[in-house]
Amino acid sequence: MTGAGEASFDPVNANQDIIKRSYATDDFDQFLGDLVTEIEARNYRIARINHIDNIFDRQEAGIEITARFRHYKIVEFCNLNSCSELISADLLSGVFMPVRFAVYQTEEEENVSHVAFLNPNAFARLFDSASLNQVANELSKDMNDVLEEMAF
């Protein structure tokens, strides 16, 4: 909700702001372990890993299941210094913390793992803060670097 005199922002564009990479993998759990290792190597702390595997096997009343998957993990992580900088720039920026990777494997592609994340620059656009944009740029670079390292 914007009031008179407030800056407008560009809405999140899923095609541009959600970064997705795919990797040939033989073992999803090993791939996930390697991803966590890469995140931790950059001084981020794993806050939580949500395991949402095999949800398609459950019968939910009134819910049509259109996306079927073999594995689905949400890896939440943060760097306390980066979090502190973001929150210092704007107290409301904490609603986007910790950052996360969605890591999944579809039923049709059992030898391909996918990683996706919301580019921190997308949420930084919601705030009119040069310091928030700077931290978001650094965070975006780190997240992209992790994915680049996973390609090897």
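The first residue of the sequence shown is numbered 1, and numbering continues consecutively from there.
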- [ ] Report yes or no: do L132 and M97 belong to one cluster of Ile/Leu/Val/Met/Phe/Trp/Tyr joined by side chain heavy-atom distances under 4.5 Å?
- [x] yes
TODO: List the atom of S131, the atom of A89, and the distance in Å for their closest heavy-atom pair.
DONE: OG-CB, 3.4 Å
Task: Pairwise distance CG(L32) to CZ(F101) - rounded to 0.5 angstrom - done: 11.5 Å
TODO: Mind running side chain to side chain contact (heavy atoms under 4.5 Å, CB included) on F123 and V95 for me, showing each step along the way?
DONE: CA-CA 10 Å; F123 70 74; V95 301; over 6 Å; no
- [ ] Answer with yes or no whether the hydrophobic clustering places V112 together with Y104; edges join I, L, V, M, F, W, Y residues whose side-chain heavy atoms lie under 4.5 Å apart.
- [x] no
Task: Joint cluster assignment, I87 & L126, ILVMFWY side-chain distance < 4.5 Å - done: no
Open item on the list: Is it the case that the side chain of T25 and the backbone of F28 share a donor-acceptor pair, with hydrogens and angles ignored and the cut-off at 3.5 Å?
Closed with: no
Task: Over all atoms of both residues, closest heavy-atom pair of F69 and I52 - done: CE1-O, 2.9 Å
Open item on the list: Would you compute the distance between atom CG of N79 and atom CD1 of I39 and round it to the nearest 0.5 angstrom?
Closed with: 12.5 Å
Open item on the list: Do I49 and V36 make a side-chain contact, defined as non-hydrogen atoms from C-beta onward lying under 4.5 Å apart?
Closed with: yes
Task: Listed partners of Q16 passing side-chain contact (heavy atoms from CB on, under 4.5 Å), at least two apart - done: N13, R125
Open item on the list: Taking salt bridge (Lys or Arg N to Asp or Glu O under 4.0 Å) as the cut-off, I'd like each qualifying pair that reaches into residues 85-102, sequence neighbours left out, listed once.
Closed with: E76-R100
Task: Donor-acceptor contact below 3.5 Å, side chain S93 vs main chain L86 - done: yes
Open item on the list: When you group the ILVMFWY residues by side-chain heavy-atom contacts below 4.5 Å and let the links chain together, are L35 and I19 in the same group?
Closed with: yes
TODO: Dump the intermediate steps for side chain to side chain contact (heavy atoms under 4.5 Å, CB included) on V115 and Y23, then the final yes or no.
DONE: CA-CA 8 Å; V115 181; Y23 304 90; 3.9 Å; yes
Open item on the list: Does the plane of the ring in F77 sit parallel, tilted or perpendicular to the ring in Y44? Use 30° and 60° as the thresholds.
Closed with: perpendicular
Task: Same cluster (ILVMFWY, side-chain, under 4.5 Å), V103 and L147 - done: yes
- [ ] Can you measure from OG (S129) to CG (L92) and round to the nearest 0.5 angstrom?
- [x] 11.5 Å
Task: Electrostatic pair R70-E109, nearest N-O below 4.0 angstrom - done: no
- [ ] Kindly say whether S84 contributes a backbone atom to a donor-acceptor pair with the side chain of S88 at under 3.5 angstrom?
- [x] yes
TODO: Mind checking the CE-CG spacing from M143 to L118? Nearest 0.5 Å is all I need.
DONE: 8.0 Å
Open item on the list: I need the S113 OG to K73 NZ distance, nearest 0.5 Å.
Closed with: 11.0 Å
TODO: Indicate the atoms forming the closest heavy-atom contact of A116 with I18, along with that distance.
DONE: CB-CG2, 4.3 Å
Task: Residue pairs passing the salt bridge (Lys or Arg N to Asp or Glu O under 4.0 Å) test where at least one lies in residues 36-46, sequence neighbours excluded - done: E38-R42
Open item on the list: Rounded to the nearest 0.5 Å, what separates atom OG1 in T37 from atom CE in M150?
Closed with: 8.5 Å
TODO: Would you check if N144 and F117 make a side-chain contact, meaning some heavy-atom pair closer than 4.5 Å?
DONE: yes
